[in-house]
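One structure is given below, encoded as structure tokens.
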Protein chains: 2
Amino acid sequence: MRPAAAMEPAGKGAKPHAGRPDAPAAADAERLIEAIELLFFGYRDFVSEPDEILAAYEFGRAHHRVVHFVGRNPGITVAELLDILRITKQSLARVLRQLIERGFVEQKTGEKDRRQRRLYLTSAGGELLDRLMAPQMDRVRNALAAGGPGGEVAWREVMLALLDEEHRPEVEQIISKEP
Amino acid sequence: MRPAAAMEPAGKGAKPHAGRPDAPAAADAERLIEAIELLFFGYRDFVSEPDEILAAYEFGRAHHRVVHFVGRNPGITVAELLDILRITKQSLARVLRQLIERGFVEQKTGEKDRRQRRLYLTSAGGELLDRLMAPQMDRVRNALAAGGPGGEVAWREVMLALLDEEHRPEVEQIISKEP
DNA sequence: AAAAATATGTCAACATGGCTGACATAAATT
DNA sequence: AATTTATGTCAGCCATGTTGACATATTTTT
């Protein structure tokens, strides 16, 4: 019942001639559902190692995200960070305050616009980020290698296409930094 | 500082001759970090549409996960569901109770082992799942198409390789159903 | 048959990290 | 001078995760 039912009432995808059992459409749905679940399981394992490391600091995933994006974007403003994380400033303020109090993040008043508080990792913050990132990099390196030659490019294209179209340019800009 | 520092202290990957600036290693790290971020942004957008649908039912992501895996695995036991979701039975009990009370999930005593409570979607549950799955299927269909021929296979391989090695056989079994 | 293990449920308490709403301040812009 | 912007903060609520303890029915083991 389930995999078939998942397509029928929705009825948005390819649906050649309704009524009779439709093997191609069912196989199509099956493929897509497996992909959906791969995303779920992949993400689940992907965050598991950082979660353990964070526990030793009494930090959570929210701290990880802040440390990651501040580390990757030194001098990022609060507004920019909110836009990436898609949370409210009150939620961000809580974890950011803890990170600052405990010396992992520091703020500097913007030079051009002195209303801004630009965010930077301290050296302790950089070390924490390294520890959090190491297992994720190992995992991703290994996974991309498994895709074979060309697999990495295809994987990236698919992941990018998974984004809302309106977000793609922004995300491409955020993820790519020139050293 | 950031992308380079992200590799140095970890020092597990390719690290030819330490000391001097290492352009290849930095480019390698950059590639991997971009992949890490693609996973973050991809997952963020991936759950955004279901979240909106769920809000209309006053349900959350936790309900989505239960409905999804019960729908895909009719007759699944509580223990099996706990193993997939990796949460405590107390956490599961809360959302499961709500789903049962509101008529989206039903339980049947196991025939062979009468201690088990086997879980099924009701017709309302099936309809909810269809609504939740539709935008995700559209999104994934579109994304896989963007990978070009062969891209889908490569994408799947990479996603599977992203899992903890010990989980791969189990996950492969969970995601693949014969109709 | 009795004992132990298993599958599930439940009560209670707590933590994290989302959210809304209201209000404050300093700096930039109009 | 007035308004807008960037940020901070207080207060409280909600969803969903956690631990620990204990209860019940059923199956398995001894």
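Only a predicted model underlies this, so the values are computations on that prediction, with no experimental measurement involved.
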Checklist entry - Is it the case that one hydrophobic cluster holds both A:Y120 and A:L132, taking links as side-chain heavy atoms less than 4.5 Å apart, direct or via other members? => result no

Starting at [atom1] of [X] and ending at [atom2] of [N], how long is that distance when rounded to a whole Å?
{"X": "B:Q116", "N": "D:dT26", "atom1": "CD", "atom2": "P", "value": "13 Å"}
{"X": "B:E80", "N": "C:dA7", "atom1": "CD", "atom2": "C1'", "value": "11 Å"}
{"X": "A:L81", "N": "D:dA6", "atom1": "CG", "atom2": "C1'", "value": "14 Å"}
{"X": "B:L85", "N": "D:dT18", "atom1": "CG", "atom2": "C1'", "value": "15 Å"}
{"X": "B:E101", "N": "C:dG9", "atom1": "CD", "atom2": "C1'", "value": "14 Å"}
{"X": "B:L96", "N": "D:dA15", "atom1": "CG", "atom2": "P", "value": "17 Å"}
{"X": "A:I100", "N": "D:dG8", "atom1": "CD1", "atom2": "C1'", "value": "11 Å"}
{"X": "B:L119", "N": "C:dT8", "atom1": "CG", "atom2": "C1'", "value": "11 Å"}

Checklist entry - Within a strict 4.5 Å, meaning less than it, do heavy atoms of the B:V66 and B:L119 side chains meet? => result no

Next on the checklist: Just to be sure I understand the geometry, which residues of residues 45-54 of chain A put a non-hydrogen atom under 4.0 Å away from DNA chain D?
Outcome noted: none

Item to check | B:R61: partners by salt bridge (Lys or Arg N to Asp or Glu O under 4.0 Å), with sequence neighbours left out | outcome: B:D51

Item to check | salt bridge (charged side-chain N to carboxylate O under 4.0 Å, His left out) contacts touching residues 85-105 of chain B (sequence neighbours left out) | outcome: none

Checklist entry - For residues 146-167 of chain B, which residue pairs qualify under salt bridge (charged side-chain N to carboxylate O under 4.0 Å, His left out), counting only residues two or more places apart or in two chains? => result A:R31-B:E152, A:E34-B:R156, A:R139-B:D164

Checklist entry - Once each nucleotide of nucleotides 25-30 of chain C is scored for protein heavy atoms under 4.0 Å, what B/S/- sequence comes out, 5' to 3'? => result --BS--

Check: residues 74-81 of chain B side-chain donor-acceptor pairs under 3.5 Å, at least two apart:
residue	atom	partner	partner atom	Å
B:T77	OG1	B:E80	N	3.2
B:T77	OG1	B:E80	OE1	3.4
B:E80	OE1	B:T77	N	3.0

Produce the list of close N/O pairs, under 3.5 Å, pairing protein atoms with atoms of nucleotides 11-17 of chain C; give distances to one decimal.
residue	atom	partner	partner atom	Å
C:dG17	OP1	A:R61	N	3.2

Side-chain atoms of residues 104-112 of chain A: list all donor-acceptor pairs with protein atoms under 3.5 Å, sequence neighbours left out, distances to 0.1 Å.
none

Checklist outcome for this item: Considering only heavy side-chain atoms of A:T88, the closest of D:dA21, C:dC19, C:dA7 is C:dC19

Checklist outcome for this item: Of A:R86 and A:K89, the one whose closest nucleotide on DNA chain C sits nearer the 5' end is A:R86

Item to check | Partner residues of B:H63 under the ring pair (Phe, Tyr, Trp, His ring centres under 6.0 Å) criterion, sequence neighbours left out | outcome: B:F59

Item to check | Residue list, ring pair (Phe, Tyr, Trp, His ring centres under 6.0 Å) with A:F69, at least two apart or on another chain | outcome: B:F40, B:F41

Checklist entry - Got a sec, which residues hit side-chain hydrogen bond (donor to acceptor under 3.5 Å, both in side chains) with B:S48, two or more places apart in sequence or on another chain? => result none

Checklist entry - Of all residues at least two apart in sequence or in a different chain, which pass the side-chain contact (heavy atoms from CB on, under 4.5 Å) check with A:A161? => result B:A143, B:A146

